[in-house]
Amino acid sequence: MPVELEVSGTKVELEPITAQTFSLTVPSAVPAVVTALATGPQGPAAPAFYGSIARTVSGTVAGTTAGTFRTTGLSGTLGEAAGFVRGTDDEMGLRNTSGRTLLMEFYGSADVQAGNNHVIGLKLAKNGVAIDATECRSGTGQGSVNFAKTVTNWLVEVEDGDEVSLFVADFTGTAALTVQRCRLVATFVAEV
């Protein structure tokens, strides 16, 4: 059954085709009305801020006291990014260059080799300070699979110039760690 609408004194007819689709019939004298009905009101475009950085070759992180979080000190390759660049204080980080304060979701992961049966930790850090709430831990295996797959995820507010990076720790030993692979991805949530 067709539905009739009156648009600015002109009758138009909507004919159901499916439960969600209608055929629109209008007099040729009202093309502007057809355009308005077809597109509807448009809101402002969402900002496009994001960043990604990764390292896929092994790198060594100096040993330290067991349970101490520290930067990887490694350099990553910047991937897709808008409003973010590779970190300048930590080259395995993402620096906000958008000129705005942003709430971003950061996802980080690292495959860390440390020997048999070690417990490895990973945290996000902002401007060189570890964010304790982002800590995760994973155990290494034995023999040829003695690396831990660590993953963390958190919402972080970053002002223009702020930098987010990855920190690692070995809770079992004090020797150097080998980061086999790692990545950090930032996704826009809101402008603050």
Side-chain angles (χ1 to χ4, degrees), residues 40-114 118-139 147-172 176-192:
Q42 300 296 311
F49 301 118
Y50 52 88
S52 58
I53 191 165
R55 182 180 174 98
T56 57
V57 296
S58 293
T60 302
V61 179
T64 190
T65 306
T68 302
F69 279 90
R70 72 268 196 197
T71 177
T72 65
L74 302 174
S75 181
T77 301
L78 188 67
E80 295 296 321
F84 283 82
V85 297
R86 182 170 65 185
T88 53
D89 296 328
D90 190 329
E91 291 186 353
M92 192 47 229
L94 291 168
R95 179 178 289 275
N96 177 6
T97 58
S98 69
R100 302 174 184 189
T101 299
L102 306 171
L103 180 63
M104 302 293 293
E105 179 180 9
F106 284 89
Y107 166 89
S109 72
D111 298 342
V112 183
Q113 186 174 1
H118 283 240
V119 175
I120 303 301
L122 179 69
K123 287 183 182 181
L124 296 174
K126 178 179 164 183
N127 299 325
V129 177
I131 303 170
D132 290 336
T134 67
E135 182 179 330
C136 68
R137 296 183 189 187
S138 182
F147 70 92
K149 179 71 169 177
T150 55
V151 175
T152 187
N153 189 10
W154 200 249
L155 296 177
V156 181
E157 185 177 306
V158 288
E159 294 179 3
D160 188 50
D162 282 349
E163 190 170 301
V164 174
S165 58
L166 301 173
F167 274 24
V168 294
D170 184 346
F171 287 89
T172 309
L177 301 173
T178 301
V179 176
Q180 297 175 335
R181 291 161 290 279
C182 57
R183 68 202 47 80
L184 182 63
V185 177
T187 305
F188 177 78
V189 175
E191 190 168 346
V192 180

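Source: prediction; values computed, not measured.
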- [ ] First locate atom OG of Ser109, then atom CG of Asn153, and finally report the distance between them rounded to the nearest 0.5 Å.
- [x] 10.5 Å
Task: Heavy-atom pair of closest approach, residues Ile53 and Gly93 - done: CD1-O, 3.6 Å
Task: For Ala169 against Gly67, the heavy-atom pair lying closest together - done: CB-C, 4.2 Å
- [ ] Using the test side-chain contact (heavy atoms from CB on, under 4.5 Å), find all partners of Leu102 that sit at least two apart in sequence or belong to another chain.
- [x] Phe49, Phe84, Asn96, Ser98, Arg100, Met104, Val158, Phe188, Glu191
Task: Heavy-atom closest contact (Gln180 atom, Gln113 atom, distance) - done: NE2-OE1, 3.0 Å
Open item on the list: Could you measure the distance from the CD atom of Glu163 to the CE atom of Met92? Nearest 0.5 Å is fine.
Closed with: 11.5 Å
Task: Sole residue of Asp90, Thr72, Leu94, Leu124 in side-chain contact (heavy atoms from CB on, under 4.5 Å) with Ser165 - done: Asp90
- [ ] Grab the two heavy atoms, one from Asp160 and one from Gly99, that are nearest each other, plus how far apart they are.
- [x] OD1-N, 2.8 Å
Task: Short side-chain to backbone donor-acceptor contact, Arg183 and Arg181, under 3.5 Å - done: no
Task: Main-chain N/O of Gly73 paired with Thr71 side-chain donor or acceptor, under 3.5 Å - done: yes
Task: Check: Thr150 side chain, Ala110 main-chain N or O, donor-acceptor pair, under 3.5 Å - done: yes
Task: Heavy-atom pair of closest approach, residues Val189 and Glu105 - done: CG2-N, 3.7 Å
TODO: State which residues pass salt bridge (charged side-chain N to carboxylate O under 4.0 Å, His left out) with Asp89; sequence neighbours excluded, sorted by chain then number.
DONE: Arg95
Open item on the list: Tell me every residue that passes salt bridge (charged side-chain N to carboxylate O under 4.0 Å, His left out) with Glu157, counting only those two or more places apart in sequence or in another chain.
Closed with: none
TODO: Scan residues 120-136 for pairs that pass side-chain hydrogen bond (donor to acceptor under 3.5 Å, both in side chains), counting only residues two or more places apart or in two chains.
DONE: Lys123-Asp132, Asn127-Asp162, Glu135-Arg137
Open item on the list: For Tyr50 and Thr187: C-alpha separation, side-chain torsions, deciding distance, then whether side-chain contact (heavy atoms from CB on, under 4.5 Å) applies.
Closed with: CA-CA 5 Å; Tyr50 52 88; Thr187 305; 5.8 Å; no
TODO: Give me the one residue out of Leu122, Asp111, Ile120, Val112 that meets side-chain contact (heavy atoms from CB on, under 4.5 Å) with Lys149.
DONE: Asp111
TODO: With sequence neighbours excluded, tell me which residues meet side-chain contact (heavy atoms from CB on, under 4.5 Å) with Ser52.
DONE: Glu80, Val185
- [ ] Write down the atom of Leu103, the atom of Leu155, and the distance for their closest heavy-atom approach.
- [x] CD1-CB, 4.1 Å
Task: Minimum side-chain heavy-atom gap Phe167-Ile131 below 4.5 Å - done: no
Open item on the list: Restricting to ring-ring contact (aromatic ring centres under 6.0 Å, His included), what partner residues turn up for Phe69, sequence neighbours left out?
Closed with: Phe171
Open item on the list: Quick one: does any side-chain atom of Arg55 pair with a main-chain N or O of Ser75 as donor and acceptor, under 3.5 Å?
Closed with: yes
